[in-house]
Structures are given as C-alpha cells and as structure tokens.
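When a ligand or atom number is given, it counts from 1 through the structure's own listing order.
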Amino acid sequence: MSDNTWSGRFAEPVSDLVKRYTASVFFDQRMAAQDIRGSLAHARMLARQRIISPSDLADIERGMAQIAGEIERGEFAWSLDAEDVHLNIEKRLTALIGDAGKRLHTGRSRNDQVATDIRLWLRDAIDAIGELLRDYQAALLDLAEQHADTPMPGFTHLQVAQPVTFGHHLLAYVEMAQRDRERMTDVRRRINRLPLGAAALAGTTFPIDRDFVARELGFEAVCENSLDAVSDRDFAIEFCAAASLLMMHVSRFSEELILWMSPRVGFIDLADRFCTGSSIMPQKKNPDVPELARGKTGRTYGNLMALLTLMKGQPLAYNKDNQEDKEPLFDTADTVIDTLRIFTDMVAGIQVKATAMAAALKQGYATATDLADYLVKKGLPFRDAHEAVARAVRAAETKGCDLADLSLEELRGFSAFIGDDVGAVLTVAGSLAARDHVGGTAPARVRAAIARARQRP
Ligand code: ARG
C-alpha cells in the first residue's frame, strides 16, 4: 500500500500545509467506535456473501477488537498522514493482520462509510439528548410541584398582566421541552437509514446484502438511491435545526432567570455553584450559566447556517465540502448535551422568593381583568366593563393603592353592578382559582397538568 492509501497515481506528495488543510482526523476520530462498528457489519456481510473468506473475517474481527482497545486506552497513534479516522483505522488493521485488512474495503467507499458513521454517531447523540431532555423536564416538574400554589405576576410586554402560579409558568418550559423531544425523535427516524452499499456513488459490482448490514447496525431500512445516500446531509441539518429550537427555548428561560435574579426583581436566587463573582466588585453574584447558555444559543444557530450553506452549492454526489459537516454537528451536540446537563442541576437548586413575587403582584393591578369578567357575568357588555375597570384603576393609581384597597362605595362609583361579593374576585387566590380549565393556572389544574406530564412516555 502506498504512503497514504490513494497516492498511487500521483507524481508528487502533498505539501504539509495541504495535508493539514485536507485532513479530518483530529476531529473525526470521535467517530472511531462507529467506524469500527460499521466496518464489522460490512465485513460480516462480505463473508456471508462469500466475497471474503471466513478466515479473513476472523482476522478482521480480531484486529478490530485490538484497535478498539487501543483507542479506548488512548494508545492508538493517530496520524495526520492517514488523513481521516477511516484510513487511520484501516491502516492499523492492515499493519496488524495483513491482507485481510486490505480486503475490508471491498465493495465500499469512504463516501458511504463516512455517511454511515455520522448517522450512527448522531443516532447515539440524539438518544443521549432524549434522556437529558427527560431529566430536565423532571427537574422542572419537581420545582413546579413545589410551587403549584405560589402566585407570581404573569407578564405581557414585561408589564404585570395577570396572576399565575410559578408552577404554571415552569410548565410552559416543560411543554417546550416536550416538543423538542418529539422533534428529536422525528429527526432520528430519518437518520436511521443505511448508506453503505452506495459505495463511491453508483453502487458496487459485488453481490452485497444491504438489508443484512442495515439489520446488523440497527437501521430501519437502507437509503434507496446510491447518489442520495452518499451526498445527503439533510439529517444533520434537521438535527441542527431541532437543536437550535431547543437552545432557543433554553435561552428564553435563561433570560427570565437572569431577570428574576436581578435584585430589582428578586424572584429567585440561583445556587452559588452556577454563578461567579466579579474581580473588582466584591458584592457581585452573576448568573453566568444562564448568560452563557443564552450566548451559546447563537453558536448553534451559526452551526445550522454553516450546514445549510455548506450544502446549497453541491452538485451530486459526494464532494469534499462534506467533510466540513462534522465540526458544526459535533459542536451543536456538545453544546446541547452540556447545557441540558447543567440546567437540570441548576433548576433543582432554584431558590424561590415567594414574598417578592407576591409583592410584585400588588403593584400591577393584576386582578383588573377579573373585575371586568365579574361585571360581564353580572350583565355588563365586556367593552363597558373594560372601560369601568380602567377608570377604577386610574383612581387607585391616583390614590397610590391597589384595586382591593378601594372601598365598596368607591368601586360602586365605577359601576352599579359591583356588589359586596366583589372582594373574592379582587384577591390573587380568587383570580388563580377562577382559571379552572385545562391549560389554566388554577393550582388544582397545575397539579393535574404536572401529573399528566409525568405520565407521558
Ligand atoms: N474524511 C472524509 C469526510 O469526512 C471522508 C470521505 C472522503 N471521501 C473522499 N472521496 N475523499 O467526508
């Protein structure tokens, strides 16, 4: 075998710079386990189809077991000269077992090999992300359960709108994570197809059995078209899109955590292990982890754009451009995995300051809609009720008090429909309990929603 596997037809070697420029071994070696797995399935198929001998297969299995051990123990000598993970492993295999190693690549190309490796790798990453999303949801649900009755202001336009419970607010993020899980599962279905057999682009002249390899590797089916099989990276883009949405959700939550932790708001405190101090201001405790998550969301969007742009100009079939698919993909998976791990732990340690939440509710006339609804139930058209309550709010504002602090007489000045049963309507507890339907913030409904969420598969 010539120096770097394919250089037989070349008159001069590539320069060191070009070698480094074209190599991928320093980032694609993380697919080593998947590469070996794919090679073993391919070799077993070749032996079964009598394309290689049983003793070749035995040698390949023995050699690969040794290589897997070397990689695991950190003893494998990765070499730039061998360009990528595939050639590094093949070269070592041949050094260990001789000719049988050189027969492994029969009926295969690095083009279908790399497409298979990425799919195997991403399938594992998605399974890990699915588990982590469940853990994250479980942490949110635990906190929501503790605060199914804790009132806080719900906001629109960042202005106090209506009372909600903190538990209800957290359940919104549980729903987002649920959709993220569904999207990941959906992406996984399209990942789970076997490219091997496509060879370089047109298929192979050997009597291969693609269905056997697909079964060996746990793929649901084979990729139907050989040209598409080696050049399709839709699944990587879809994953990055689903990951971007996931991170967007985490980023929105981060924004709220940062805001809530500001002393101006003071709704929560984060455990010290998720915060850092300032090198100059001794009093500072900064919410670094949510801030970084908000920042890292940008890089996952960037990775999505990188992959979309990578693919837009590529004619069929494989082009070397595709080698650039791995770093954005790995980076996205790493970012999502680290972020979910850390958020699960951070959510469990959120300290809720219920008194500050209750105090904020006193300041924004949060039960004004309840008063309007009350008037409607007494027979006033909603628009008239809205107007009456708006005038009541203005009066309370002038007096510097809450709606509930106005006397019954004062309130009746805005509408004769107001009776002495209005008191309960103006309380936060009354407002919460009245939103008593599926998806509403009544504490009983929040508890039921938590129970249902825990039942979901
Ligand atoms: N390292 C390459 C990649 O990541 C493997 C496939 C190379 N194929 C080729 N014909 N040069 O895409």
Between the side chains of Arg233 and Gln314, does any donor sit under 3.5 Å from an acceptor?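 Side-chain D/A pair, Arg233 to Gln314: absent.
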Considering only distance and modelled atom types, tabulate donor-acceptor pairs under 3.5 Å from the side chains of residues 350-361, sequence neighbours left out.
none

Under a 3.5 Å threshold, I'd like every N/O contact between ligand 1 and protein atoms, with atom names and distance.
| from | atom 1 | to | atom 2 | distance (Å) |
| --- | --- | --- | --- | --- |
| ligand 1 | 1 (N) | Ser24 | OG | 3.2 |
| ligand 1 | 1 (N) | Asp84 | OD2 | 3.0 |
| ligand 1 | 1 (N) | Gln323 | OE1 | 2.8 |
| ligand 1 | 4 (O) | Lys326 | NZ | 2.6 |
| ligand 1 | 8 (N) | Asn111 | OD1 | 2.9 |
| ligand 1 | 10 (N) | Asn111 | OD1 | 3.2 |
| ligand 1 | 12 (O) | Tyr318 | OH | 2.5 |

Minimal non-hydrogen separation, Asn225 against Asp228, with atom names: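 Of all heavy-atom pairs spanning Asn225 and Asp228, the closest is OD1-N, 2.9 Å.
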Which donor-acceptor pairs under 3.5 Å do the side chains of residues 448-455 make with protein atoms, sequence neighbours left out?
| from | atom 1 | to | atom 2 | distance (Å) |
| --- | --- | --- | --- | --- |
| Arg454 | NH1 | Asp142 | OD1 | 3.2 |
| Arg454 | NH2 | Asp142 | OD1 | 3.1 |
| Arg454 | NH2 | Glu145 | OE1 | 2.7 |

Where does the angle between the aromatic ring planes of Trp78 and Phe76 fall among parallel (under 30°), tilted (30 to 60°) and perpendicular (over 60°)?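 It falls in the tilted class, 30° to 60°.
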If the condition is ring pair (Phe, Tyr, Trp, His ring centres under 6.0 Å), which residues does Tyr173 pass it with, not counting sequence neighbours?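 Partners of Tyr173 by the ring pair (Phe, Tyr, Trp, His ring centres under 6.0 Å) criterion, ordered by chain and then number, come out as Phe253.
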